[in-house]
Amino acid sequence: MQVAMKAATPSSRPPSVRLSREKECADNSMVEPMSPTGRIMEEMGVCIVVVIGLATPVNLPVFRAGIETELITRLPRLRSIQVMDESTNNGKPQWVQTAVNVDDHIVVPRLDPDAVASDPEKAVEDYMASLSLLPMDRRRPLWEFHVLDFPASEAASTVVLRLHHSIGDGTSITTLLMASSRSTADPARVPAMPPPPKRTGPIYQREPRPALSSGDYLALLTWFWSHVVLAWNTLVDVTMIVATILFLSDPHTLFTRADGHDSRSGKRFVHRTLSFDDVKLIKTAMNCTINDVLAGVTSAALSQYYFKKSGDTNTKRICLRSLVLVDTRPVSTRQTYVTRVETGNRLSSLICPFNIALQDDPLEYVREAKRFMHRKKSSLEVLFTRVVGEFLVKNFGVKKTGAFIFRRFIKRTSIIFSNALGPVEHMTLCGHPVAFMAPSIYGPPQALTVHYHNYGSDIKVVLAVDDTQFPDCHHLLDGFAEAIRIIKNAAALKTLTTSI
């Protein structure tokens, strides 16, 4: 496929433009230091891609005006470049605001018309795979919109937002898109998000200590024991993190990157629409969370794929580990996007097992996921990972920690897993109704990233796979639809049996 780009020209400049702060910007309010997590994302070269299917063809002037008046005015980092602070010895990167020409950030590629006509979905996939190999121009703010103005099976046109992960995480980008959109049903307001959950604090937050005056010593004992469990689980999880950095790695399977394979090879992004109602049905039947269901579905899909692909009839169970990305903001953040767009990266991570096994009862995949997810809620692993990571970057520099500790930590797990919440109704972005959204990332060394994102009554499963390791990635994607079908039927049968 021939691709011609208008703006995304590779730059020969170093990772960050090295300029004097005084020369670049005299107003200190226009300068913002890059966060430790942002510096790690910069060092590892992680980028976010969001495939946005539109229900109408692209009206380029209208879409451009929406970007200029809505998006870049709400998030200052879309108007900033990375500048090395020469006033410090180690040259820490800073965000410095600059003038933005929106036309430099809108790319309209020229694709092979025969390839587009014969298979538009593959044309979009091939183009996105090429993006994962194309450097971004660091002389400008690190974001782009790529416009693919031809119909595909789920949309009349497609735009792809690509931006560097140092600009922000999934929550900040989601709140930006939501705040810049309007409800399709009621253009007078922004799209509605799901209702807030009962829990509003961190996942590891304990209940307050009961008052001794009440005389309820059983409640006090329960409170004390919960902290003992918290301390023990934290000790075990921290030990596993240290062991992973030093020597512990997953067994080699179809999902682990081969030794010596270039981790910078291209990624292919594929996605499938699932029913969010099916996910909620399983959630209710199993008395668990949405995350538990999605982790169970992922385990079931990967298990089915592994045993069909490998033909292995002797192995009963393989324990792989996933790196689960966790937003450390309060869960109420998603309700306040109307008045405040979240900025920056406030990510941490958990190491969670994914058992590759053939279960006689499909619901066992969800039960196992529920057990280990519940255990992770009684651990300070999320807090430890974030605090220690920031300490290492601040005191030892991102080169040493990024190149050694974080890469070893991430590389020794098999999968990246993430789930992000979107609006519960359809929205209009930059004057165009949105049919679907499919976000993902590239840059980490794993060969497989699994991302879920709900939109309206649907939920997207998005896979970012190594382009050479998973040539049959669509078969892997089919397994997710089959897994949720089987688990939903088993959950419905369980509910029916219980009610009789």
Side-chain angles (χ1 to χ4, degrees), residues 35-37 169 171 195-246 248 283 286-296 299 319 321-335 342 345-355 366-395 401 405-406 409-410 412-413 417-419 421:
S35 68
T37 305
D169 54 28
T171 297
K198 295 179 181 179
R199 175 182 59 84
T200 57
I203 62 173
Y204 49 79
Q205 181 173 298
R206 305 292 92 187
E207 294 293 331
R209 190 182 75 174
L212 291 178
S213 58
S214 66
D216 191 349
Y217 292 100
L218 179 60
L220 180 62
L221 180 62
T222 301
W223 173 86
F224 175 76
W225 181 249
S226 72
H227 284 74
V228 172
V229 173
L230 180 71
W232 172 253
N233 288 342
T234 301
L235 177 62
V236 172
D237 291 338
V238 170
T239 302
M240 290 296 293
I241 290 174
V242 174
T244 299
I245 294 172
L246 295 178
L248 186 63
K283 167 185 174 293
M286 300 298 294
N287 189 27
C288 61
T289 67
I290 295 294
N291 275 336
D292 297 340
V293 175
L294 298 179
S299 183
C319 184
R321 294 174 302 161
S322 65
L323 190 72
V324 179
L325 302 179
V326 179
D327 182 11
T328 60
R329 297 178 179 88
V331 294
S332 58
T333 293
R334 66 173 185 257
Q335 307 298 327
E342 290 293 324
N345 284 275
R346 294 185 61 182
L347 287 177
S348 186
S349 60
L350 298 170
I351 294 181
C352 285
F354 269 91
N355 291 321
V366 180
R367 292 191 187 101
E368 286 190 349
K370 180 181 178 180
R371 284 194 291 269
F372 71 70
M373 288 292 191
H374 179 74
R375 182 198 169 282
K376 290 295 182 178
K377 294 174 183 177
S378 293
S379 172
L380 297 176
E381 182 182 0
V382 170
L383 183 62
F384 173 86
T385 304
R386 182 187 175 195
V387 171
V388 172
E390 291 183 353
F391 172 81
L392 292 174
V393 171
K394 289 178 180 179
N395 292 276
T401 56
I405 296 178
F406 289 102
F409 175 57
I410 294 175
R412 292 173 181 265
T413 59
F417 178 87
S418 179
N419 173 37
L421 284 170

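What's counted below: heavy atoms across the whole structure, side chains too, no hydrogens, waters or symmetry copies. All of these numbers come straight from a predicted model, not from anything done at the bench.
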Can I get a per-line list of side-chain donor-acceptor pairs under 3.5 Å for residues 381-389, giving both atom names and the distance, sequence neighbours left out?
{"from": "E381", "atom 1": "OE1", "to": "K376", "atom 2": "NZ", "distance (Å)": "2.7"}
{"from": "E381", "atom 1": "OE2", "to": "I351", "atom 2": "N", "distance (Å)": "3.0"}
{"from": "T385", "atom 1": "OG1", "to": "E381", "atom 2": "O", "distance (Å)": "2.8"}
{"from": "R386", "atom 1": "NE", "to": "E390", "atom 2": "OE2", "distance (Å)": "3.3"}
{"from": "R386", "atom 1": "NH1", "to": "T328", "atom 2": "OG1", "distance (Å)": "3.3"}

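- No donor-acceptor distance shorter than 3.5 angstrom exists from the side chain of T37 to the backbone of R346, with no hydrogens or angles considered.
- A salt bridge (charged side-chain N to carboxylate O under 4.0 Å, His left out) check over residues 218-236, counting only residues at least two apart or in different chains, returns nothing.
- For the residue pair A295 and F372, the shortest heavy atom distance occurs at CB-CZ, 4.4 Å.
- Between L347 atom CG and L325 atom CG the span is 6.0 Å, to the nearest 0.5 Å.
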Test F406 against V393 for side chain to side chain contact (heavy atoms under 4.5 Å, CB included), laying out the working first.
-> CA-CA 10 Å; F406 289 102; V393 171; 4.3 Å; yes
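- The distance from the CG atom of L235 to the OG atom of S379 is 9.5 Å, given to the nearest 0.5 Å.
- Contact annotation: the side chain of L248 approaches that of M240 to within less than 4.5 Å [non-hydrogen atoms, C-beta and beyond].
- Distance check: L246 CG to R412 CZ gives 8.0 Å after rounding to the nearest 0.5 Å.
- Taking D169 as the reference, R329 meet the salt bridge (charged side-chain N to carboxylate O under 4.0 Å, His left out) condition, with sequence neighbours excluded.
- The shortest non-hydrogen separation linking N291 to M373 is O-CE, 4.4 Å.
- Between the side chains of D292 and T289, at least one donor N or O lies within less than 3.5 Å of an accepting N or O.
- Partner of I410 under the side chain to side chain contact (heavy atoms under 4.5 Å, CB included) criterion, out of T244, I405, L323: L323 alone.
- Taken to the nearest 0.5 Å, the CG atom of D327 stands 3.5 Å off from the OG1 atom of T171.
- Two residues are said to be in side-chain contact when any heavy atoms from C-beta on lie closer than 4.5 Å; F354 and T413 fail this criterion.
- In this structure, D237 CG and W232 CH2 are separated by 11.0 Å, a value rounded to the nearest 0.5 Å.
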